[in-house]
Amino acid sequence: MTTTIAPAVDPSVLTGLTEITRFAGVGTAVSDTSYSQSELLEILDIEDPRVRSVFLNSAIDRRFLALPQEGPGGVRVAEPQVDLLDKHKKIAVDMGCRALEACLKSAGATLSDLRHLCCVTSTGYLTPGLSALIIRELGIDPHCSRSDIVGMGCNAGLNALNMVAGWSAAHPGELGVVLCSEACSAAYALDGTMRTAVVNSLFGDGSAALAVVSGDGRVPGPRVLKSASYIITDAIEAMRYEWDRDQDRFSFFLDPQIPYVVGAHAEIVVDRLVSGTGLRRSDISHWLVHSGGKKVIDAVVVNLGLSRHDVRHTTGVLRDYGNLSSGSFLFSYERLVEEDVARPGDYGVLMTMGPGSSIETALIQW
């Protein structure tokens, strides 16, 4: 029997960086209360059989959510946009602080070690942004540099990783953190439409943080070798978070065809990612794909020729939390770390998808 060994990739050739960014730790957090899909149908008094089918065939068991308060007669009352913005601020900061502290503990670091904090969110708008609020809340050194990525959607975690990896390479030995904090409860509408039902059946609250550092070979986590992006400009309107004049609030739209559009273009960006590395898709041992929904995951699996085992972390996160927007792939990465199956030399691909319509990828190696 002949054993094929994946070729070693020289990261300095791929990235053009003399300092290589490595993952140093990961941490996650969720909001306080979880609900099963069937519980949500009863709480939200949903009787339409088409809507019930969307909830119950989502491959989601439970999600963490901060539902609207009960109004007269026990009916949940839709919240005005100003209250949703307050909810976003409260939940995103709380979850973000807990995820950041868990991440630093995982990295064997403390708040005083943090030198750059990049916060990602698409479920609300704040000025000053989450980074400033979290720095104040946790008493982090006010000299800590920071950045905020707002409104890029579910793909934004990898956009942030690209930016922080560049910062890390320019500041070897210093600790940077990507923090995705998505209070999806603050982006909910209650209007009875199928458009809203699809969104309400899918998203959950969650925060995830990833610590990175360059120039320290003692860090055991994988190194970032390369990234690749693709914008499907023909589908730029397929995922939108926009003002709904009828409801006087923001509302999210997902085109029913978007899973198939994303799946059909997944090969393009993955082939670009491995181009010039000497790697083939079969050399990738670990796939960490955004938990965008059952149909999205299925489409990616079919078009990339993956197995259900390859995406076990992705489907597990979807089952237990729903779509967590930008931080979903880090929940999957945390599960891979806990599984302790990655071995030195293994390659992995991270993939996120979101508005644009965009596909982001990164190649990593342990």
How about Tyr347 and His286: are their ring centres within less than 6.0 Å of each other? no
Does Asn303 reach the main-chain N or O of Val300 with its side chain, forming a donor-acceptor pair under 3.5 Å? no
Say you draw a straight line from OG1 of Thr121 to CD1 of Ile149; how long is it, rounded to the nearest 0.5 Å? 11.5 Å
Going by side chain to side chain contact (heavy atoms under 4.5 Å, CB included), Ile359 matches just one of Asn155, Thr352, Ile232. Which one? Ile232
Regarding Ser291 and Thr314, do their side chains bring together a donor and an acceptor under 3.5 Å, going by distance alone? no
Please determine, by modelled atom types, if Thr196 and Asn200 share a side-chain donor-acceptor pair under 3.5 angstrom. no
Donor-acceptor pair, side chain of Arg136 and main chain of Leu133, under 3.5 angstrom: no
If you count heavy atoms of other groups shown closer than 6.0 angstrom to CZ of Arg335, is the number above 12? yes
Using a distance-only test with no angle check, is there a side-chain donor-acceptor pair under 3.5 angstrom linking Ser147 and His116? yes
Would the distance check show the side chain of Arg76 and the main-chain N or O of Pro68 forming a donor-acceptor pair, the cut-off being under 3.5 Å? yes
Below 30° counts as parallel, above 60° as perpendicular, anything between as tilted: where do the rings of Tyr241 and Tyr125 land? parallel
Polar side-chain atom of Arg272 near backbone of Val269 as donor-acceptor pair, under 3.5 Å: no
Can you tell me if Ser214 uses its side chain to pair, donor with acceptor, with the backbone of Pro172 under 3.5 Å? no
Among Val93, Asp83, Leu126, the one residue meeting side chain to side chain contact (heavy atoms under 4.5 Å, CB included) with His88: Leu126
Answer yes when Arg52 and Asp48 have at least one side-chain N-carboxylate O distance shorter than 4.0 Å, and no when they do not. no
Taking the basic N atoms (NZ, or NE/NH1/NH2) and the acidic carboxylate oxygens, is any pair closer than 4.0 Å for Lys90 and Asp86? no
Can you tell me how far apart CG (Leu67) and CD (Glu79) are? Round to the nearest 0.5 Å. 8.5 Å
A quick test of your reading: do over 12 heavy atoms of other residues, nucleotides or ligands sit less than 6.0 Å from CZ of Arg245? no
Please indicate whether Glu338 has more than 12 foreign heavy atoms, meaning atoms of other residues, nucleotides or ligands, lying under 6.0 Å from its CD. yes
Does the pair Asp271/Arg281 count as a salt bridge with the N-to-O cut at 4.0 Å? yes
Is there a donor-acceptor contact under 3.5 Å linking the side chains of Asp248 and Gln81? no
Quick one: CG on Asp61 to OH on Tyr321, what's the gap to the nearest 0.5 Å? 12.5 Å
Heavy atoms of other groups near Ile43 CD1, more than 12 under 6.0 Å: yes
Roughly how far, to the nearest 0.5 Å, is CG of Leu324 from CG of Leu318? 9.0 Å
Answer yes or no: is there an ion pair linking Arg195 with Glu242, defined by an N-O contact shorter than 4.0 Å? yes
Will you find, in the side chains of Gln37 and Arg62, an N or O donor that is under 3.5 Å from an N or O acceptor? no
Can you tell me how the ring of Phe23 sits relative to the ring of Tyr333, calling it parallel under 30°, perpendicular over 60° and tilted otherwise? perpendicular
Looking only at atom types and distance, does a side-chain atom of Ser122 sit under 3.5 Å from a main-chain N or O of Gly153, one as donor and one as acceptor? yes
With no hydrogens and no angle check, do the side chains of Glu339 and His313 hold a donor and an acceptor under 3.5 Å apart? yes
Please confirm whether the ring centroid of Phe252 lies under 6.0 Å from the ring centroid of Tyr188. no
Atom pair CG (Asp205) and OG (Ser185), whose distance is rounded to the nearest 0.5 Å: 3.0 Å
Without swapping roles, check the side chain of Asp148 against the backbone of Ser131 for a donor-acceptor pair under 3.5 Å. yes
Pairwise distance CD1(Ile284) to CG(Leu273) - rounded to 0.5 angstrom: 7.5 Å
For atom CD of Glu137, decide whether the heavy atoms of other residues, nucleotides or ligands shown that lie under 6.0 angstrom number more than 12. no
Check: Thr110 main-chain N/O paired with Asp113 side-chain donor or acceptor under 3.5 Å: yes
Would you say the side-chain atoms of Arg343 pair up with the backbone N or O of Asp340, donor to acceptor, closer than 3.5 Å? yes
Strictly distance-based, threshold 3.5 Å: is any side-chain N or O of Ser168 a donor or acceptor partner for the main-chain N or O of Gly176? no
